[in-house]
Every structure is written in C-alpha cells, then in structure tokens.
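Naming: A, B, ... by sequence-line order, numbering from 1 per chain.
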There are 2 protein chains.
Amino acid sequence: MHRHEGHDACETGLGGMLARAEAVCRERGLQFTPLRREVMEAVAEAGKAQGAYDIAEKLSAPGRRVAPVSVYRALDFLMENGLVHRIASRNAFIPCAHGHAPGEGVVFLICRKCGGVDEASSEELEDGLDRTLKRAGFTPAHSILEVEGDCGACRERQQAG
Amino acid sequence: MHRHEGHDACETGLGGMLARAEAVCRERGLQFTPLRREVMEAVAEAGKAQGAYDIAEKLSAPGRRVAPVSVYRALDFLMENGLVHRIASRNAFIPCAHGHAPGEGVVFLICRKCGGVDEASSEELEDGLDRTLKRAGFTPAHSILEVEGDCGACRERQQAG
DNA sequence: GCGGCGGTGATACACTGTAACAAACCCGCC
DNA sequence: GGCGGGTTTGTTACAGTGTATCACCGCCGC
C-alpha cells in the first residue's frame, strides 16, 4: 500500500484496522465474528481493491469452502459500519483508511499502475459539489467519487527506475 | 426526461442527439451503422438509464434477435466517441446531453424517484477536484462522479401532489 | 477475383450479485 | 435443563452483467 498524503490521523496498517473494527462493533453491540474478521483481514492485507470472489478464494482452503455469498454478507456488514468501501468502477472493496462521517464526500484515488486505492477528502471539493448540486436543484443522498490515474509513489518509482 | 437546469447550449431531444452522432461520425470518418443508430436511439428515447440487456430486448422483435454482445459493441463505439455515458453505479447507459471534452469533470445526477439522469458540470467543482488531487500527488486520467438523490422535478411533483 | 478490414451474428463462458431455505449458534427465560 | 427467538452461516440455485471466440458478410482497393 502506498503512503497516504491527503490525510493524517490515520491509524493505518492491518492491526489498526482490525482494532478499529473490533471497537466499532463493541460500541454498537454488534458481533465481530470470525468470518467477518477474516474478510476484514483479507481486504486490509491486500494492497489493492479485492473482488468478493477473490476474497472467497483466499479464505477457502482444502477442506473449507467459503462461498461468495458469505463474503458478500460480511462485506455488507462491514460497509454498513463504515469499515470497508466499495469501488463501483471496479466491483471491488477496500478497507476504510480513516473514520469519516457516512455520506461525507470522499474521493477514491485509484492507481492504474499499482492498483492501490487511496482516499482523500476535502472541504473545498465538497463545497464545490454542494453548490453545483444546489444550482441544479438536486438533493443528494449518496455520492460516488472515483478518480483513476497515477499515484505519486508510482510516478516517482517510474522516474527513478 | 426532466429539464436540464445546470447547463444550456444543450440541443437535447432525440433528433438533436442523432444529428450530433451522425455529424461526429462523419467528421471522424466512422460508420454510423443502422445498429449503432438504433442503439443510440434506444438510449436517447428512454427517459432513464438503460441496461445493455434492456436495449437488446427493445431492439429485438419476432424474427429478429439482437444479442447483448452486439449492443455492447455498439455502446463501446458510442462511448469512445462521447455520444453515450456509462453510469457505473447502475450498470446502465445514458445519452450524452451536451458535448464536453473527454475526461472533463461532469457529474451525473441520478434521481431515485424517476430514474432520470442529468449531467452537470461546473468550473468550481472541477477546480476543487483538481486541487484535491494535486495535494494528494495524484495525476488523474479519468473521473467518475455520480450522485444519487432527488431531482428538482420530482421534489416539486411531490410537494404539489 | 482476391485479400484485407470492419461490422455483425451466434455460442459459450466468466464474473458479479441476490433469493430462498436449512442448519448452527447464542442468549435470555421459564 | 429445555424452549423459543434472533442472528449468523452454509448451501443451492439463479439472475444480471460483460467478454472471448469464431464464423460470416459486405465493402473497398488492388
């Protein structure tokens, strides 16, 4: 996973994400079951967005088959609780890097080279979007902001190498 | 289709869109074949985003079956030439309401009630996005901006009725 | 005519996601 | 301990979305 330039206060890394997931569930009286934990781990470990079927395969082993439908259920749970995000343009899932209010304007930065996905949020962007929507007479309920391109790390790597 | 509040210079309506498609193809030396025309019509006629399979069904008739794969090819062609857009969050397609540079920041406003999709673009929004990306060290290649909510027409309709 | 090329038809298939129902589990309660 | 009810998971089947492959057709230039 590449660095996160756009935001701090970001307890990143597998451990931090699992700890946060656990905390959130305890707080809300929800069960952080073994399956949900495993799915969370699988999403958090991977350096890039994972498809549901990828996760199902990763969790399966000789003698244990995890069906995609189970993965979807775990992912739904994790999404409802803001622990993972869905990348619509990829039909794939990433861990939520930092806690942010649900529905808040977060942009996903998807690198074409390394496949990594970073999150960025900005007041400025959100304000611009709000004003544009208001001008159009549109009341937003949910936004999808995804940008595909080249992340800083990959560009450096390319220039250096 | 509801009104377009956010932009003008918008030769909307079936005729205008077909004319533009024809013009674009002639300009670029590309073929605006019957099938492509029919797919363009199907997308332009419908008041809301159409799935590829919907289009295939609409074009099929007793004695003539249009396979989804043919529709996809036509849609790819039309998308490459900026005549239709894909709505990632719906797996569906809409006609491009107004000519805009490829890759330019256009937001799709998707109404939950009527299913209509409007386009809006704004300098302000684009600037905000550009600055956010620059701050994150990210070089954009392609953006997807989709907002789901309630369009003005539907809100009025609801208050009146 | 002949070869190349783009478009279309047709089949098959991969990938993504959901519905429905059964079984296991947990927990409070009698 | 046993019972009832809610939640989670397993399993199967299926719907929806998109692509690969190959064959055929029509057109155009040589």
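- As judged by a 4.0 angstrom heavy-atom cut-off over every strand, A/V66 is placed among residues making no nucleic acid contact.
- Note on A/D150 versus A/R155: no salt bridge recorded, every NZ/NE/NH1/NH2 to OD/OE distance being 4.0 Å or above.
- The side chain of B/N91 places no N or O atom within less than 4.0 Å of a non-bridging phosphate oxygen (OP1 or OP2) of D/dG16.
- A/I55 has its CD1 atom 15 Å from the P atom of C/dC15, to the nearest Å.
- Taken to the nearest 0.5 Å, the CZ atom of A/R73 stands 11.0 Å off from the OG1 atom of A/T33.
- For the pair A/F32 CZ and C/dC26 P, the interatomic distance rounds to 18 Å; values are reported in whole Å.
- A salt bridge is defined here as a Lys NZ or Arg NE, NH1 or NH2 lying under 4.0 Å from an Asp or Glu carboxylate O, and A/E22 with A/R37 meets this definition.
- Rounded to whole angstrom, the span from the CE atom of B/M79 across to the P atom of D/dT19 amounts to 8 Å.
- Between the side chain of B/Q50 and the main chain of B/I55, no donor-acceptor pair closer than 3.5 Å is present.
- Salt-bridge annotation for B/R90 and B/E148: present, with a side-chain N of the basic residue lying under 4.0 Å from a carboxylate O of the acidic one.
- Atom P of nucleotide D/dT7 and atom CD of A/E80 are separated by 12 Å, given to the nearest angstrom.
- Atoms CD1 (B/I87) and P (D/dT17) sit 14 Å apart, rounded to a whole Å.
- Nearest-nucleotide positions on DNA chain D place A/P34 closer to the 5' end than the other of B/D76 and A/P34.
- Side chain of B/Q31, nearest nucleotide from D/dT11, C/dG6, D/dT8: C/dG6.
- The nearest whole Å value for the distance from the CG atom in A/D54 to the P atom in C/dT16 is 7 Å.
- Close to D/dG18, at under 4.0 Å from its OP1 or OP2, lies a side-chain N or O of B/Y72.
- Within 3.5 Å, a donor on the side chain of B/R73 pairs with an acceptor on the base of C/dG9, or the reverse.
- Atom CD of B/E57 is separated from atom P of D/dA15 by 14 Å (rounded to the nearest Å).
- Whole-Å rounding puts the B/R37 CZ to C/dG7 C1' distance at 17 Å.
- OP1 or OP2 of C/dG9 lies within a sub-4.0 Å distance of a side-chain N or O belonging to B/S70.
- Residue contacts for A/R86: at a heavy-atom cut-off of 4.0 Å it reaches the sugar-phosphate backbone alone, with no base atom in range.
- The nucleotide whose nearest atom lies closest to any side-chain atom of B/R36 is, among D/dA20, C/dG7, C/dA20, C/dG7.
- Closest contact between the side chain of A/Y53 and the listed nucleotides C/dT16, D/dT12, D/dT8 involves C/dT16.
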